[in-house]
Amino acid sequence: MHGNGGLVEGHPYGAVSVPIFQTATFAHPGIGRSTGYDYSRESNPTRHELESVMSTLEEADDSIACTSGMAAIGLCLELFEEGSHILCTEDLYGGTVRMFESIGEKRGVTFSYVDTSDIELVRKSIRKETKALYIETPSNPTMKVTDFAAMREIADEYGLLIIADNTFLTPYFQKPLTLGADLVVHSGTKFLGGHNDVLAGFVCIKGKGLSEKLRYTYKTVGCCLPPFDSFLVLRGIKTLSVRLERQQENAKKIALWLKDRPEVKAVYYTGLPEHPGYEINQKQASGCGSMISFKVDSEKRARKLLESVKLISYAESLGGVESLITYPMLQTHGDVPVETRERLGITEDFLRMSVGIENAEDLIADLEQALAE
Ligand SMILES: Cc1ncc(COP(=O)(O)O)c(C=O)c1O
């Protein structure tokens, strides 16, 4: 699984775990000479190893490790000139919408949000100033699936970049750069880190031109992942496949169980064959992950469930080994305009669960007691 930037093999003492190069600067062997590293804002050996691993996993030409997912998304935003328009999946992570609507709009970039699972709607929504499609699939939190091949066709027709947020599935289940995307962003805080103990973000890049532009901005703004955090994410990635398989297995059991509960009105999980995006997800991804959204029969029950879970934590975030349950209306999507939220069905009865690696029967028992009156 390791990209192996030559670091582990080349390290003295045969260390099998990548050392943490906790240094801000590197001494030069002589004038005009470098060890390959000069200053950690630009590059650092521990971070370099992590970036190589990410490039291997995402089949990218380059990957940049940032301080958070938002920092990675912010870096991509810097690619666009004033007057550009970006067409986005309508139910993006709320923090992304906040960044686009505040920082993006202030810089003169405009955004519109459509259901990108509707190919004709995407085509109709392109403007003459549109420069990119920004996609989350499955989307957050309503789990709509966007067809990458169809998006690539449209992007080629209109000369657009495709940026895909691959946080929910990770390269273990889906590799957007092989499906037509130009850039992949990640909140590495989630499945990649995997233990709810580190913030991180990535931009994985196809092509030298984009890599040069983004690296220039990266070293200029300094949103670089510190060495210790790089080590933690590297350690997390070592168990990515094992964790994701277990989390997905648990999620499938929970989705099937929720579907049969009288208190549950709807279940949104791409692993259920009746999910509208099931076929497309099967075509472009090797799994459906472990994110489930569901609607209960009243706001009262939703609130009670959040306050009654014991094994599952009522907390923002996702992807770690611990199961978390979120109230998107108040938390992850609190900054999304109310009309948009209501149109998408992100209402007071809507919950999102990130399924962890615990025993599935224990998780179901916890949900059962929390759903009860
Ligand atoms: C899909 C998605 N993208 C990006 C982010 C932002 O990542 P971070 O919290 O690491 O800044 C999140 C955070 O929840 C997310 O869920």
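Read the numbers this way: they start at 1 and go in the same order the structure lists the ligands and their atoms.
For ligand 1 and Thr189, the ligand atoms under 4.0 Å from any heavy atom of the residue are 8 (P), 10 (O). Set against the non-hydrogen atoms of Thr167, the atoms of ligand 1 under 4.0 Å away are 1 (C), 2 (C), 3 (N). Taking a cut-off of under 4.0 Å to the non-hydrogen atoms of Leu318, the atoms of ligand 1 that pass are 16 (O).
Side chains of Thr239 and Arg243: a donor on one and an acceptor on the other come within 3.5 Å. Counted by atom type alone, Thr170 and Lys190 present zero donor-acceptor pairs between their side chains at under 3.5 Å.
Checking His186, Met70, Lys190 against atom 9 (O) of ligand 1, the nearest heavy atom belongs to Lys190. Selection from Leu92, Asp165, Val185 by nearest heavy atom to atom 1 (C) of ligand 1 gives Asp165.
When each of Glu82, Glu78, Glu101 is paired with Arg107, the salt bridge (Lys or Arg N to Asp or Glu O under 4.0 Å) condition holds for Glu78 and for no other.
Protein heavy atom at the shortest distance from atom 15 (C) of ligand 1 is Tyr93 CG, 3.6 Å. Protein heavy atom in closest approach to atom 16 (O) of ligand 1: Asn140 ND2, 3.5 Å.
Under 4.0 angstrom from ligand 1, the non-hydrogen atoms of Ala200 all belong to its backbone.
For ligand 1, the polar-atom distance check against Gly69 finds a nitrogen or oxygen pair separated by under 3.5 Å.
Although no hydrogens or angles enter the test, the distance criterion places a donor-acceptor pair under 3.5 Å between the side chain of Lys304 and the main chain of Ala370. When atom types are taken as modelled, the side chain of His333 and the backbone of Asn140 share a donor-acceptor pair closer than 3.5 angstrom.
Under the rule for a salt bridge (Lys or Arg N to Asp or Glu O under 4.0 Å), Lys124 has no partner lying at least two apart in sequence or in another chain. Applying the side chain to side chain contact (heavy atoms under 4.5 Å, CB included) criterion to Asp362, with sequence neighbours excluded, gives Leu311, Asn359.
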